[in-house]
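Single-structure report; data block below.
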Amino acid sequence: MKPRVRFAPSPTGYLHIGGARTALFNWLYARRHGGTFILRIEDTDQERSTPESVQAILTGLQWLGIDWDEGPGKEAPYPPYFQMKKLPRYAEIAEQLISEGKAYRDYTTEEETAKLRADFAASKGLKDGDDLRKAGFKYSSPWRDKPEKLDRPHVVRFKMKPTGARIGFEDLVHGRTEKPDEDLDDFVLLRSDGIPLYNFSCVVDDHDMHITHVGRGQEHINSTYSQIALYQALGWTPPVFTHFPLIMAVNKETGNEEKMSKRKHPEADVMVHQKNGILPHALLNFVARIGWSHGNDELFTREQLVEYFDLKDVGRTNGVWNPEKLIAVNQHWIKNGKPEELAAMTVPFLASLGVTVTNDARLQLGVKAFSTRAKTLVEMAANLKPYYVHGATMDPSAVTKFLDAAGKDMVRRARAKLEAIAEWKAPALDPIIDQIAAETGAKKGAIAQPIRVACTGGAFSPGIGDTLELLGREETFFRIDAALA
RNA sequence: GGCCCCAUCGUCUAGUGGUCAGGACGUUGGCCUUUCAAGCCGAUAACGCGGGUUCGAAUCCCGCUGGGGUCACCA
């Protein structure tokens with residue numbers, strides 16, 4: 001049977017790095033096995049869900065190249081893919097559970113619940129900031145065994161019936177995972193406004209959508225037990241679960257490692273990496289390696305990722321976000337990328353620097369020349385900009401060091417030779433250094449550096465041939481003459 | 001605090017009873033060189049602790065310690 005997997009984000013903000021990796025692992029698994037990747041929007045949190053967030057998530061996935069077979073824009077064959085659009089379905093299942101005595105209506109108001117907590121706190125002599133959970137507070141509804149149907153607001157709770165046995169599941173990476181079913185409580189299925197809660201809608205949807213494998217972060221292990229209880233009550237076969245290790249980040253305030261969060265870690269936002277000039281594939285490659293491995297391999301093309309990925313190779317230990325390594329991976333893919341693709345991605349970065357360019361041969365020469373000199377597209381654009389403006393900005397210390405009398409003499413010699421160059425291409429331009437070296441006996445550095453400074457204003461640039469070709473004949477002479485003047 | 005998950009270099013990881021414990025990032029020494037990069041060669045650094053099982057444990061079991069997660073009318 002072909003696997004059917006899903007990514008089910010809640011649209012309460014931008015696409016998170018952890019979410020992106022969850023999506024990636026599921027997507028890879030589907031692609032690897034010829035299965036189906038489903039995108040489902042869990043928008044039942046009315047407080048925090050926004051249409052903008054839905055769009056942000058779609059945009060993020062698209063930027064990463066993670067496409068879905070079913071979901072927003074492709075609402076078949078098990079619609080809808082937005083949970084708020086299938087409220088009647090959840091109500092139907094809830095009703096069924098109530099009629100079977102597996103769930104009950106709880107008319108306790110939020111005020112009453114608050115009072116219960118307050119009374120408990122008082123009886124334990126707790127202070128204001130104390131955590132009731134640590135003191136052992138456990139909610140027990142007075143309505144659990146009262147089947148009356150009142151015309152009053154109520155939540156629907158699942159009726160846990162502990163047997164003293166252990167409840168659990170076979171996790172693909174953790175193996176048998178279980179706990180005593182007495183530890184489970186009567187969790188809420190439907191809020192008083194009829195909107196379902198995660199543990200409920202998730203189970204209903206995974207069942208309705210024929211999901212075969214659920215892969216999600218380890219923070220969901222504890223909710224999985226409750227979901228298993230639901231599957232049992234409903235008589236449904238649960239999917240195969242896989243819980244991925246978490247992506248951690250260092251909390252700069254405390255110095256501790258903790259689950260990467262939107263609030264404390266700006267890099268948790270997938271799109272800030274786009275802004276920072278990270279290639280989408282580099283981010284994918286890097287993120288895939290947190291919690292997953294394929295022997296000693298580090299660098300993967302998209303095709304290799306699909307070819308090699310398997311859930312059984314997912315690890316168990318949490319991984320810490322390592323920005324230096326992301327940069328290294330990014331640098332690798334810039335270095336090994338196709339010039340036309342890199343150029344296309346660089347255009348907007350140049351635009352934001354006020355440089356309007358098209359993806360032409362010249363730009364491609366430029367990104368190629370700087371591909372070993374830029375770690376990000378931001379650096380790439382910054383490196384390229386000076387070649388697209390008229391005249392060079394001179395670095396005083398470089399001028400002092402290389403454009404002295406001897407240096408200028410070298411530049412004059414170069415200028416003379418340049419005059420004779422018919423085809424303004426790097427292979428034709430580069431040899432002038434050797435020629436001048438042969439004529440003067442000077443070291444190449446003493447020749448190339450003055451030329452470099454005259455043409456770029458600074459002491460760093462690609463090889464002289466590439467540099468001059470990039471500049472163009474006219475601009476080269478303009479800058480040389482300006483430097484010699 | 002209850003429960004759950006986890007434990008190899010600073011970080012990401014390979015390892016599945018017998019390896020000099022390997023790779024990558026980082027740091028670092030050198031080579032190359034037309035600057036800066038890149039590239040190449042080398043160095044650096046780990047099996048948390050204590051018990052078992054075994055001829056033999058990073059690998060299996062138990063305990064401890066440590067880290068993380070989770071305990072909502074959030075997901």
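Since the model is a prediction, treat every value here as computed from it, not as a measurement.
Within the shown strands, rC71(B) is the pairing partner of rG1(B) under the Watson-Crick or G-U definition, both distances less than 3.5 Å. For rA7(B), the paired nucleotide is rU65(B), the pair qualifying as Watson-Crick or G-U wobble because both relevant distances are below 3.5 Å. Pairing for rU28(B) goes to rG42(B), judged as Watson-Crick or G-U wobble with the two contacts each under 3.5 Å.
Among the atoms of the strands shown, only primed sugar atoms or phosphate atoms (P, OP1, OP2) are found under 4.0 Å from some heavy atom of Gly291(A). Note on Gly463(A): a base of the nucleic acid sits closer than 4.0 angstrom, heavy atoms only. Nucleic acid contact class of Phe402(A) (heavy atoms, under 4.0 Å, all strands): none. Contact annotation for Glu324(A): backbone-only contact, meaning every heavy-atom pair under 4.0 Å involves sugar-phosphate atoms and none involves a base. If you check every strand for non-hydrogen atoms under 4.0 Å, Ile464(A) touches a base. Residue contacts for Lys335(A): at a heavy-atom cut-off of 4.0 Å it reaches the sugar-phosphate backbone alone, with no base atom in range. Residue contacts for Ser371(A): at a heavy-atom cut-off of 4.0 Å it reaches no nucleic acid atom on any strand shown. Counting any heavy atom pair closer than 4.0 Å across all strands shown, Asp297(A) reaches no nucleic acid atom.
Toward the 5' end of RNA chain B, the nearer of the two residues Arg166(A) and Ile433(A), judged by each one's closest nucleotide, is Arg166(A).
Atom name C1', nucleotides rG23(B) and rG42(B): the rounded distance is 16 Å, in whole Å. Here the separation of rA7(B) from rC12(B), taken at their P atoms, is 12 Å to the nearest Å. Remark: the separation of the P atoms in rG22(B) and rU70(B) is 36 Å, to the nearest Å. Taking atom P on both rA37(B) and rU27(B), the two are 12 Å apart, rounded to the nearest angstrom. Using atom C1' as the reference point in both rA21(B) and rA14(B), the two lie 10 Å apart (nearest Å). Rounded to whole Å, the separation between the P atoms of rC60(B) and rG2(B) comes to 27 Å. Across the P atoms, rG51(B) and rA58(B) are found 14 Å apart, a figure rounded to whole Å. Comparing the C1' positions of rG10(B) and rG26(B) gives a spacing of 8 Å, expressed to the nearest Å.
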| note | Given protein heavy atoms under 4.0 Å, the one-letter contact record of nucleotides 68-75 of chain B, with B base, S sugar-phosphate only and - none, is simply SBSB-BBB
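Using a 4.0 Å cut-off, no side-chain N or O of Lys325(A) falls inside it from OP1 or OP2 of rC25(B).
A salt bridge links Asp208(A) to Lys86(A): at least one charged side-chain nitrogen sits closer than 4.0 Å to a carboxylate oxygen. A salt bridge links Arg6(A) with Asp206(A): at least one charged nitrogen is closer than 4.0 Å to a carboxylate oxygen. With respect to Asp434(A) and Lys444(A), a salt bridge is recorded, a charged nitrogen being found less than 4.0 Å from a carboxylate O. Here Lys115(A) pairs with Asp119(A) in a salt bridge; the nearest charged N to carboxylate O distance falls below 4.0 Å.
With distances taken from any side-chain atom of Asn322(A) to the nucleotides rG26(B), rU11(B), rA38(B), the minimum falls on rU11(B). When each of rC12(B), rU8(B), rC5(B) is scored by its nearest atom to the side-chain atoms of Thr317(A), the top-ranked nucleotide is rU8(B). The side chain of Ala459(A) sits closest to rU35(B) out of rU35(B), rU34(B), rG39(B). Residue Lys179(A) places its side chain closer to rC3(B) than to any other of rG26(B), rC12(B), rC3(B).
Counting to the nearest Å, the P atom of rU35(B) and the CZ atom of Phe370(A) are 15 Å from each other. One interatomic measurement links the two molecules: CZ of Phe300(A) to C1' of rC12(B), which rounds to 12 Å at whole-angstrom precision. Rounding to whole angstrom units, NZ of residue Lys138(A) and P of rC3(B) are separated by 12 Å. Between Arg452(A) atom CZ and rC36(B) atom C1' there is a gap of 8 Å when expressed in whole angstrom units. Protein atom NE2 of His294(A) is 16 Å distant from nucleotide atom P of rU13(B), rounded to whole Å. Glu379(A) places its CD atom 14 Å from the C1' atom of rA38(B), with the value rounded to the nearest Å. Remark: C1' of rC4(B) and CD of Gln227(A) are 15 Å apart, rounded to the nearest angstrom. Atom pair Arg373(A):CZ and rU33(B):C1' shows a separation of 11 Å (rounding to whole Å applied).
A cation-pi arrangement is absent between Lys385(A) and Tyr388(A), since the terminal nitrogen or guanidinium carbon is not both under 6.0 Å from the aromatic centre and inside a 45° cone about the axis.
In terms of heavy atoms, Lys264(A) sits closest to Ser261(A) at N-OG, 3.3 Å.
When side chains are defined from C-beta on, Arg117(A) counts as touching Phe137(A), because their heavy atoms get closer than 4.5 Å.
The side chain to side chain donor-acceptor pair (under 3.5 Å) contacts involving residues 366-379 of chain A comprise nothing, where partners must be two or more places apart or lie in separate chains.
Other residues, nucleotides and ligands contribute over 12 non-hydrogen atoms within 6.0 Å of the CZ atom of Arg89(A).
With sequence neighbours left out, the side chain to side chain contact (heavy atoms under 4.5 Å, CB included) criterion links Thr163(A) to Ala165(A), Asp181(A).
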